[in-house]
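Remarks on the structure that follows.
Residue numbers count from 1 along this sequence.
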Amino acid sequence: MQSSNGRSREGGGGPESSAGNHEDQDPASHEVGYEDPWYDALASGWGELDGTGVPAPVVPGAREERDGAAVRARDVYLEVQRSAAFQEVRSRYRRFVVPGVAVFLAWYLGYVVTATTAPAFMATPVVGAVNVAMLAGLGQFLSTFLLTWAYARHARLHRDRAALDLRWDTQELTRGVRGGAS
């Protein structure tokens, strides 16, 4: 098999390597190229030589500014990001997520540490064959569902309307920058 840059990619367990003699194969099969644009692009600019003894050029950035409209649209997004409404939405998000994650991780870590350090306590029967470990494990699932429900409810009641308003404003502002084009 051949890569997109013309170098041979022989070896390793495929049908091509098990055929034995590659000269017996159809000559047209040598013409087939491996069409992967990222095959060699990932390492470009990392000190490799380009074949002439000169370091390969760095791959250009994916997002290049091509015209003034793109620059102005970027300014619109920066303006919205700096706005008080956007900061309020982010603040509401953080005020819910940071404590929620902290409580959930503490609860999970407490479960794991207790199960590891106090197996006799975790084996204490509660009702019949149900012990403390089983109840705590089911509590992990229950707390995951409760946290998911609480997050969705908080988002719906405290952030979604403001985020949609910001999105609408951003679209209107960028539409105006582009000259009314959708």
Side-chain angles (χ1 to χ4, degrees), residues 3-5 33-48 50 55-118 122 126-127 130-182:
S3 73
S4 61
N5 63 2
Y34 184 69
E35 299 298 325
D36 185 0
W38 296 105
Y39 178 69
D40 288 328
L42 293 176
S44 296
W46 288 72
E48 291 185 344
D50 66 357
V58 176
V59 176
R63 299 176 189 213
E64 295 179 11
E65 300 298 333
R66 292 192 175 90
D67 59 358
V71 173
R72 288 191 302 271
R74 181 189 64 204
D75 292 340
V76 167
Y77 285 102
L78 288 174
E79 177 184 335
V80 170
Q81 183 183 8
R82 293 178 183 133
S83 70
F86 183 83
Q87 296 305 321
E88 179 61 25
V89 169
R90 294 298 297 167
S91 174
R92 289 178 183 179
Y93 171 77
R94 286 186 198 108
R95 281 193 307 253
F96 180 83
V97 169
V98 170
V101 167
V103 166
F104 185 78
L105 286 177
W107 158 232
Y108 176 73
L109 207 58
Y111 171 73
V112 171
V113 168
T114 305
T116 306
T117 59
M122 295 298 266
V126 177
V127 176
V130 177
N131 60 19
V132 173
M134 292 175 79
L135 289 178
L138 290 173
Q140 290 288 313
F141 286 106
L142 179 63
S143 65
T144 301
F145 291 122
L146 284 174
L147 186 61
T148 303
W149 170 79
Y151 177 82
R153 183 176 184 276
H154 183 268
R156 186 182 71 243
L157 295 177
H158 300 285
R159 294 191 322 264
D160 285 352
R161 174 60 56 196
L164 285 173
D165 290 343
L166 278 171
R167 180 179 178 196
W168 180 260
D169 293 344
T170 304
Q171 287 178 347
E172 289 297 313
L173 288 170
T174 56
R175 198 172 287 133
V177 166
R178 293 181 187 148
S182 307

Is there a side chain to side chain contact (heavy atoms under 4.5 Å, CB included) between Val132 and Val126 once you walk through the steps? CA-CA 6 Å; Val132 173; Val126 177; 3.9 Å; yes
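- Closest non-hydrogen pair, Val89 versus Ala162, comes out as CG2-CB, 3.5 Å.
- Between His158 and Tyr93, every side-chain heavy-atom pair lies at or beyond the 4.5 Å cut-off.
- Contact detail for Thr170 and Val76: the closest heavy-atom pair is O-CG1, 4.2 Å.
- Summarising the local packing, CZ of Arg95 is surrounded by more than 12 heavy atoms from other residues, nucleotides or ligands at distances under 6.0 Å.
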One pair to check against side chain to side chain contact (heavy atoms under 4.5 Å, CB included): Asn131 and Met122. What are the steps and the verdict? CA-CA 7 Å; Asn131 60 19; Met122 295 298 266; over 6 Å; no
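- For Asp160, the side chain to side chain contact (heavy atoms under 4.5 Å, CB included) test picks out Ala155, Arg156, with sequence neighbours left out.
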Does the side chain to side chain contact (heavy atoms under 4.5 Å, CB included) test come out yes or no for Leu166 and Ser83, once each step is laid out? CA-CA 10 Å; Leu166 278 171; Ser83 70; 4.1 Å; yes
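- Residues passing the salt bridge (charged side-chain N to carboxylate O under 4.0 Å, His left out) test with Arg92, sequence neighbours excluded: Glu88.
- With values rounded to the nearest 0.5 angstrom, Leu146 atom CG is found 7.5 Å from Trp149 atom CH2.
- The structure places CG of Leu109 at 11.5 Å from CZ of Phe104, a figure rounded to the nearest 0.5 Å.
- Counting all heavy atoms, side chain and backbone alike, Ala136 lies closest to Trp107 at O-CZ2, 3.7 Å.
- Thr148 places a side-chain N or O within 3.5 Å of a backbone atom of Thr144 that can act as its donor or acceptor partner.
- Using modelled atom types, no side-chain atom of Thr114 and backbone atom of Tyr111 make a donor-acceptor pair closer than 3.5 Å.
- Gln81 places no side-chain N or O within 3.5 Å of a backbone atom of Phe86 that could act as its donor or acceptor partner.
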